[in-house]
Amino acid sequence: MDQMDDFFNETELERTLNHISNPTKEIFNGAKLYKAIDKIKGVIRMGDFFYIDTALMNHLEVFDSIKEFSHVLKFDGTVNRDKTDKAKGRKVSK
């Protein structure tokens with residue numbers, strides 16, 4: 001069981017993420033990367049990728065369908081503007 005398995009059972013957002021995503025075989029920054037197969041209006045689009053930050057375990061990093069950084073999402077479903085600004089320019093690469 002990884003961090004996301006535990007994570008997916010905590011809050012409404014987390015249970016929703018469990019239903020709208022599939023794990024990929026990719027690991028990014030030490031965490032399993034997930035792909036959205038549906039959307040959460042305003043925070044995750046179908047085709048986006050995301051993972052739980054393994055250093056702090058307090059947010060998700062979301063990437064668009066071509067794996068360019070989009071935003072940092074707090075566990076309450078809101079965007080963390082400070083962390084989003086600091087992470088601009090990141091890409092998921094193989």
Side-chain angles (χ1 to χ4, degrees):
M1 188 179 279
D2 67 17
Q3 295 98 346
M4 286 300 274
D5 293 330
D6 292 334
F7 170 79
F8 277 147
N9 296 307
E10 297 293 319
T11 68
E12 185 65 31
L13 171 67
E14 296 155 359
R15 285 187 290 278
T16 301
L17 287 170
N18 189 33
H19 293 307
I20 65 114
S21 65
N22 287 327
T24 69
K25 293 181 181 184
E26 294 179 74
I27 302 295
F28 183 69
N29 284 348
K32 187 179 291 188
L33 196 63
Y34 286 76
K35 183 174 184 177
I37 56 173
D38 204 347
K39 65 182 176 190
I40 300 176
K41 188 175 181 177
V43 292
I44 294 187
R45 295 177 304 230
M46 188 167 69
D48 282 355
F49 292 88
F50 63 90
Y51 73 96
I52 188 170
D53 176 75
T54 56
L56 300 173
M57 302 291 291
N58 67 358
H59 64 272
L60 298 173
E61 294 198 14
V62 181
F63 296 81
D64 65 18
S65 61
I66 59 170
K67 299 182 182 171
E68 292 183 342
F69 179 75
S70 179
H71 57 276
V72 171
L73 189 61
K74 298 181 212 175
F75 290 163
D76 67 1
T78 60
V79 174
N80 183 318
R81 294 286 171 209
D82 279 345
K83 289 184 181 189
T84 294
D85 290 343
K86 291 177 184 173
K88 283 187 179 168
R90 286 189 190 163
K91 284 187 89 164
V92 174
S93 59
K94 290 190 174 196

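- Looking only at side-chain heavy atoms (C-beta outward), Val79 and His59 stay at 4.5 Å or farther from each other.
- Qualifying side chain to side chain donor-acceptor pair (under 3.5 Å) partners for Asn29, counting only residues two or more places apart in sequence or in other chains: Tyr51.
- Going from atom CZ of Phe50 over to atom CG of Leu60 covers 6.5 Å, rounded to the nearest 0.5 Å.
- If you take CD on Glu61 and CZ on Arg90, they are separated by 4.5 Å, rounding to the nearest 0.5 Å.
- For the salt bridge (Lys or Arg N to Asp or Glu O under 4.0 Å) test, no residue two or more places apart in sequence or in another chain qualifies with Asp76.
- In this view, Lys41 satisfies the salt bridge (Lys or Arg N to Asp or Glu O under 4.0 Å) rule with no residue, not counting sequence neighbours.
- For Lys74, the NZ atom counts as densely surrounded, since its 6.0 Å shell holds more than 12 non-hydrogen atoms of other residues, nucleotides or ligands.
- When the salt bridge (Lys or Arg N to Asp or Glu O under 4.0 Å) test is applied to Lys91, the partners found at least two apart in sequence or on another chain are Glu68.
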For this session: Quick one: do Asp64 and Lys67 satisfy salt bridge (charged side-chain N to carboxylate O under 4.0 Å, His left out)? Show the steps, please.
Result: CA-CA 5 Å; Asp64 65 18; Lys67 299 182 182 171; over 6 Å; no

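- Not counting sequence neighbours, the partners of Asp48 by the salt bridge (Lys or Arg N to Asp or Glu O under 4.0 Å) test are Arg45.
- Contacts of Asp38 classified as side chain to side chain donor-acceptor pair (under 3.5 Å), with partners at least two apart in sequence or in another chain: none.
- Taking OG1 of Thr54 as the start and NZ of Lys32 as the end, the distance is 14.0 Å to the nearest 0.5 Å.
- Every side chain to side chain contact (heavy atoms under 4.5 Å, CB included) that Lys35 has, sequence neighbours left out, goes to Thr24, Phe49.
- The minimum heavy-atom distance between Met46 and Ile37, with the atom names listed, is SD-O, 3.4 Å.
- Here the CD1-CG distance, from Ile52 to Leu73, works out to 11.0 Å after rounding to the nearest 0.5 Å.
- With contacts defined as side-chain heavy-atom distances shorter than 4.5 Å, the pair Ile44/Ile20 qualifies.
- Expressed to the nearest 0.5 Å, how far NE2 of His71 lies from CZ of Arg81 amounts to 8.5 Å.
- Residues forming a ring-ring contact (aromatic ring centres under 6.0 Å, His included) with Phe69 (at least two apart in sequence, or on another chain): Phe63.
- Considering every non-hydrogen atom in both Ser21 and Leu17, the closest pair reads OG-O, 2.6 Å.
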